[in-house]
Each structure stands twice: as structure tokens, then as C-alpha cells.
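Working notes, structure below.
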Amino acid sequence: MSWIIALLGATQNSIRVAQWMLQVPGATSYIGCIGKDKFGEEMKKKCTLDGVNVHYYEIDNTPTGTCAVCVVGGERSLVANLSAANCYKSEHLTKPENWALVEKAKYYYISGFFLTVSPDSIQLVAEHAAANNKFFMMNLSAPFICEFFKDAQEKVLPYMDFVFGNETEARTFSKVHGWETDNVEEIAIKISKWPKASGTHKRITIITQGADPVCVAEDGKVKLFPVILLPKEKLVDTNGAGDAFVGGFLSQLVKEKPIEECVRAGCYAANVIIQRSGCTYPEKPGFH
């Protein structure tokens, strides 16, 4: 039985990391869109080998999305060619074999980037989670999502039980909503207090801040958790660090561990990924 199901692009890194941390074949599932080409085949092969149950929407007329990455001194810059990732349709999600994955899962994680592609798919999953006492989670993902997809984000925010983001995204969210504060702790609390569609679960907001402590807001209060500091000479590539944090966090959340353990696992996973090129990891996790 799948514990977690994730939809679209950046979430694929998170779900692979969660699967790696869990070490239980088929514990996670992933749905997204790829082209029928060599990159799509490679993606299917790698994710399947990782133990992720993938159900891709495969299309003929658009290539699989690719991304150019420039890494200098450990820091990165990305240029994405989204291609097929922009073509996902809710008709694929509602096919019996795919919706069965949704029904089996208890935890759902979707990237904020998916708001630009198929908000109707997001709404279907969000409403299912709320109606069945399951956990629905999203990521702020990028400042431009908060700015230019504000209405779509606001529509689904009431369904979010967990909101992930970084300090830049949180401050942009605050600015867009006229909150007149750059204080990440205040912003995290405000997001956590946003009205909910279901009262079954409270909302918890998790904001990462690079080398600064992770900010977690729940019940009107904030807790700060230190990250694992890494000597600069060991930093290889920050690409995928945020995604890895979420993956590590999810791996413990599905085990119903306390939030502090979820954060600790997220920090561990991110620390592993930034010491390697790309979102890669050793065969077995060393998290205990």
C-alpha cells in the first residue's frame, strides 16, 4: 500500500528521497507527465529502480522536460525547459488505475509549480483528502508562484495541512497579501492560521532558511530547529536541497513521528544531497 503519493516535477526529487529514507519498496507513488523519448524512459527506469511506483502520463507530441544546471562554488542556477511537464491533464488522474493510487494513499504532496499546469487535478486530490481525513501538503515552491498565481494558491490553501517553503518564498507571500512584515516567524504563524476547509487536522507551516534554523509554526507558536552545519569545503551542489528536506520530513511523518523527528530527518536528507552532485544519495540512509 502506498503511504505517499506526489504529483509533478520538483516533487519527484522529494518522493525519491522519501522512498530512499523509508527503504520500503512501493511505499511511495508518483504521477506526472513525460514525453515518449529517451529522457522519459530514463526517468521511468531510475524511479522504478529507486522503488517509486510511477504512473506517468506519456504524450507523443512534446518531449520530456529538461533542466540545465550551472553550479559554481556549490551554488546553482537553473534554466528549465518544462515541455511535457506543462501538459498534464486531470483526465489521466481520474483513470481508474491512477485514482486507485489516490484512494490507497494517506499522504499527498504536490509542488506549488503544479498550480501553473493543472489546478483542477490539485483540487480533486485536495477535496478527496479533506473528505477522507487524510493529509494534504503543498510547497510555496517559488516567489513567482506566490505573486502571479495568487488566486489559484489561495483557492487550494484552505486544504493544506502542511505548507512548506523557504524564507524568500514566505516573504514574497507576505508582501503579496499585504501583511507588511518580513519576519519569517510571524509569516509562518499567519499562514498556519489561514482558514481551513476541514477541521480534522490543524495546519503546520515549515519554512527552511538555508543555514539558519528551520521555522515550524503550529497552534499559534513557533519552534526553531537548527540545521546540520556543513563546512564550506564539503558543499558540492545545493540543487535539490529543499526537495530533499521535504522528502526526509515526509519519511518520518508517514511513520507518525513527532514534528521534531520529521525536521531532523529533513535536515539529514538535505545535508546528504548538498554533498553530492544533483539529487543523488548513497545506497542506504544513515539516519537513525
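No experiment lies behind these values; they were computed from the predicted model shown. Numbers here simply count residues along the sequence, with the first being 1.
- By the rule that hydrophobic residues join a cluster once side-chain heavy atoms approach within less than 4.5 Å of another member, Ile187 and Trp194 end up as members of one cluster.
- The shortest heavy-atom contact between Ser251 and Ala18 is CB-O, 4.0 Å.
- In terms of heavy-atom proximity, Leu235 sits nearest to Thr238 at CD1-CG2, 3.8 Å.
- Under the side-chain contact (heavy atoms from CB on, under 4.5 Å) criterion, Ala142 pairs with Phe113, Phe144, Ile145, sequence neighbours left out.
- Remark: Pro282 pairs with Trp20, Val272, Arg276 by the side-chain contact (heavy atoms from CB on, under 4.5 Å) rule, at least two apart or across chains.
- Listed by first then second residue, pairs satisfying salt bridge (Lys or Arg N to Asp or Glu O under 4.0 Å) with a partner in residues 188-198 read Asp161-Lys196, not counting sequence neighbours.
- Atom NZ of Lys46 sits in a sparse spot, with 12 or fewer heavy atoms from other residues, nucleotides or ligands closer than 6.0 Å.
- Of the inter-residue distances, the one linking Ile110 atom CD1 with Ser121 atom OG reads 8.0 Å to the nearest 0.5 angstrom.
- In terms of heavy-atom proximity, Ser192 sits nearest to Thr205 at N-OG1, 3.3 Å.
- Judged as a salt bridge (Lys or Arg N to Asp or Glu O under 4.0 Å), the pairs with a partner in residues 21-40 (not counting sequence neighbours) are, in order, Lys36-Asp60.
- Contact of the Val52 side chain with the Ser29 side chain is not registered, since no non-hydrogen atoms from C-beta on lie closer than 4.5 Å.
- For the pair Ile273/Thr280, no side-chain contact is recorded, criterion being any heavy-atom separation below 4.5 Å from C-beta on.
- The shortest heavy-atom contact between Leu115 and Ala152 is CD2-O, 3.8 Å.
- For Tyr268, the ring-ring contact (aromatic ring centres under 6.0 Å, His included) test picks out Phe287, with sequence neighbours left out.
- A side-chain N or O of Gln23 and one of Lys284 form a donor-acceptor pair less than 3.5 Å apart.
- Pairing each heavy atom of Cys279 with each of Asn13, the nearest pair is CB-OD1, 3.7 Å.
- Ring centers of Phe135 and Tyr109: at least 6.0 Å apart, outside the cut-off.
- No continuous path of hydrophobic side-chain contacts links Val156 to Val176 [ILVMFWY only; heavy atoms under 4.5 Å].
- For Lys44, the side-chain contact (heavy atoms from CB on, under 4.5 Å) test picks out Ile34, Glu41, Tyr56, Glu58, with sequence neighbours left out.
- Looking only at atom types and distance, the side chain of Asn98 has no donor-acceptor partner in the side chain of Tyr57 under 3.5 Å away.
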Carefully, step by step, assess Met160 and Met137 under the rule side-chain contact (heavy atoms from CB on, under 4.5 Å).
-> CA-CA 5 Å; Met160 298 182 201; Met137 300 165 278; over 6 Å; no
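- There is a side-chain donor-acceptor pair under 3.5 Å between Ser111 and Ser141.
- A salt bridge (Lys or Arg N to Asp or Glu O under 4.0 Å) check over residues 167-183, counting only residues at least two apart or in different chains, returns nothing.
- Judged by distance alone, the side chain of Asp237 and the main-chain N or O of Gly278 form a donor-acceptor pair under 3.5 Å.
- No donor-acceptor pair closer than 3.5 Å links the side chain of Asn132 to the backbone N or O of Lys134.
- For the pair Ile259 and Ile206, the minimum side-chain heavy-atom distance is 4.5 Å or more.
- Annotation: side chain of Asn53 is not in contact with side chain of Thr28 (no heavy-atom distance under 4.5 Å).
- Here the SG-CZ distance, from Cys146 to Phe173, works out to 6.5 Å after rounding to the nearest 0.5 Å.
- Residues in residues 10-20 take part in these salt bridge (Lys or Arg N to Asp or Glu O under 4.0 Å) pairs, two or more places apart or across chains: Arg16-Asp50.
- For the pair Met21 and Val17, the minimum side-chain heavy-atom distance is below 4.5 Å.
- The shortest side-chain heavy-atom distance between Phe114 and Met138 does not fall under the 4.5 Å cut-off.
- There is no side-chain donor-acceptor pair under 3.5 Å between Thr208 and Asn166.
- Hydrophobic clustering, with ILVMFWY side chains joined whenever heavy atoms are under 4.5 angstrom apart, keeps Val163 apart from Ile189.
- Arg264 pairs by the salt bridge (Lys or Arg N to Asp or Glu O under 4.0 Å) definition with Glu261, not counting sequence neighbours.
- Taking CD1 from Ile15 and SG from Cys47, the interatomic distance works out to 10.0 Å, rounded to the nearest 0.5 Å.
- The CG atom of Asp120 sits 7.0 Å away from atom CD of Glu91, with the distance rounded to the nearest 0.5 Å.
- Atom CD in Gln209 sits 8.0 Å away from atom CD1 in Ile207 (nearest 0.5 Å).
- In terms of heavy atoms, Ile59 sits closest to Cys33 at CD1-SG, 3.9 Å.
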List the steps and the verdict of side-chain contact (heavy atoms from CB on, under 4.5 Å) for His177 and Lys150.
-> CA-CA 9 Å; His177 289 87; Lys150 175 176 176 284; 4.0 Å; yes
Per-pair distances, 0.1 Å, donor-acceptor, side chain in residues 213-229, under 3.5 Å, sequence neighbours excluded:
| unit_1 | atom_1 | unit_2 | atom_2 | d |
| --- | --- | --- | --- | --- |
| Glu218 | OE1 | Lys202 | NZ | 2.7 |
| Asp219 | OD2 | Lys202 | NZ | 2.9 |

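- With contacts defined as side-chain heavy-atom distances shorter than 4.5 Å, the pair Val263/Phe249 qualifies.
- A donor-acceptor pair is defined here as one N or O able to donate and one able to accept, closer than 3.5 Å; such a pair exists between the side chain of Ser174 and the backbone of Thr181.
- Rounded to the nearest 0.5 Å, atoms CG (Leu82) and OG1 (Thr62) are 12.0 Å apart.
- For Tyr108 (side chain) and Val102 (main-chain N/O), a donor-acceptor pair under 3.5 Å exists by modelled atom type.
- In this view, Trp99 and His128 satisfy the ring-ring contact (aromatic ring centres under 6.0 Å, His included) rule, not counting sequence neighbours.
- Phe136 is not listed as a side-chain neighbour of Phe162, based on a closest heavy-atom distance of 4.5 Å or more.
- With sequence neighbours excluded, the residues that form a side-chain hydrogen bond (donor to acceptor under 3.5 Å, both in side chains) with Thr200 are Asn133, Ser198.
- Put simply, the side chain of Lys45 never gets that close to the backbone of Gly40: no donor and acceptor are under 3.5 Å apart.
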